[in-house]
Amino acid sequence: QVQLVESGGGSVQAGDSLRVSCTASGGTFSTYAMGWFRQAPGKEREFVAGASWTGSIPAYADSVKGRFTISRDNTKNTVYLQMNSLKPEDTAVYYCAATPEIAVQRSDYDTWGQGTQVTVSS
């Protein structure tokens, strides 16, 4: 089964950009659809973005459309989330997850990383 490790989180100012990464090991990365979720304190974990096996079919939550971009490099077993024009409400722990088919429901994903903190200050 694939294992996932996120990296690249940090603290930024509102309006800044940040890219988080998720690297997979132990499985055939190119056969998984990948998703990014986030969880803010006291809130449910929510879908942010998803990418199909080839990355050609992205999906985004309305709250991040036009600001975030998901991409993947199957030669590096890595999926990225480029976050631009960050807002304080984007503050959360960001998780990547793997699933056989692209999906937006948390319950459709069966493999998760440990998460990386993103903090956006105003």
**Message:** Check for me whether R72 meets the cation-pi criterion with F29, that is, NZ or CZ under 6.0 Å from the six-membered ring centre and within 45 degrees of the ring axis.
**Reply:** yes
**Message:** Is the terminal nitrogen or CZ of R19 (NZ for Lys, CZ for Arg) located under 6.0 angstrom from the six-membered ring centre of Y80 and within 45° of that ring's axis?
**Reply:** yes
**Asked** Do the two ring centres, one from F37 and one from W112, sit under 6.0 Å apart?
**Response** yes
**Prompt:** Do you know the tightest heavy-atom contact between T31 and T28?
**Reply:** OG1-O, 2.7 Å
Qualifying residues under side-chain contact (heavy atoms from CB on, under 4.5 Å), relative to [X], sequence neighbours excluded:
X    : value
T75  : D73
Q117 : T91, V93, T119
S121 : Q13
R67  : V64, S85, K87, D90

Which donor-acceptor pairs under 3.5 Å do the side chains of residues 95-108 make with protein atoms, sequence neighbours left out?
{"residue": "T99", "atom": "OG1", "partner": "E101", "partner atom": "O", "Å": "3.4"}
{"residue": "T99", "atom": "OG1", "partner": "D108", "partner atom": "O", "Å": "2.8"}

**Prompt:** So do the side chains of C22 and M34 get within less than 4.5 Å of each other, counting heavy atoms only?
**Reply:** yes
**Prompt:** Are side-chain heavy atoms of L18 and L86 found at a separation under 4.5 Å?
**Reply:** yes
**Asked** Hey, what do you get for CZ (F47) to OG (S63), rounding to the nearest 0.5 Å?
**Response** 10.0 Å
**Fill in**
Distance col, row S21:OG vs L81:CG, nearest 0.5 angstrom, shows 9.5 Å
For a quick test of your reading: what N or O donor-acceptor pairs under 3.5 Å do the side chains of residues 54-61 make, sequence neighbours left out?
{"residue": "T54", "atom": "OG1", "partner": "S56", "partner atom": "N", "Å": "3.3"}
{"residue": "T54", "atom": "OG1", "partner": "S56", "partner atom": "OG", "Å": "2.8"}
{"residue": "Y60", "atom": "OH", "partner": "I70", "partner atom": "N", "Å": "2.9"}

**Asked** Judged by modelled atom types alone, do N84 and S17 share a side-chain donor-acceptor pair under 3.5 Å?
**Response** yes
**Message:** Hydrogens and angles aside, do Q1 and T111 bring a side-chain donor and acceptor to less than 3.5 Å of each other?
**Reply:** yes
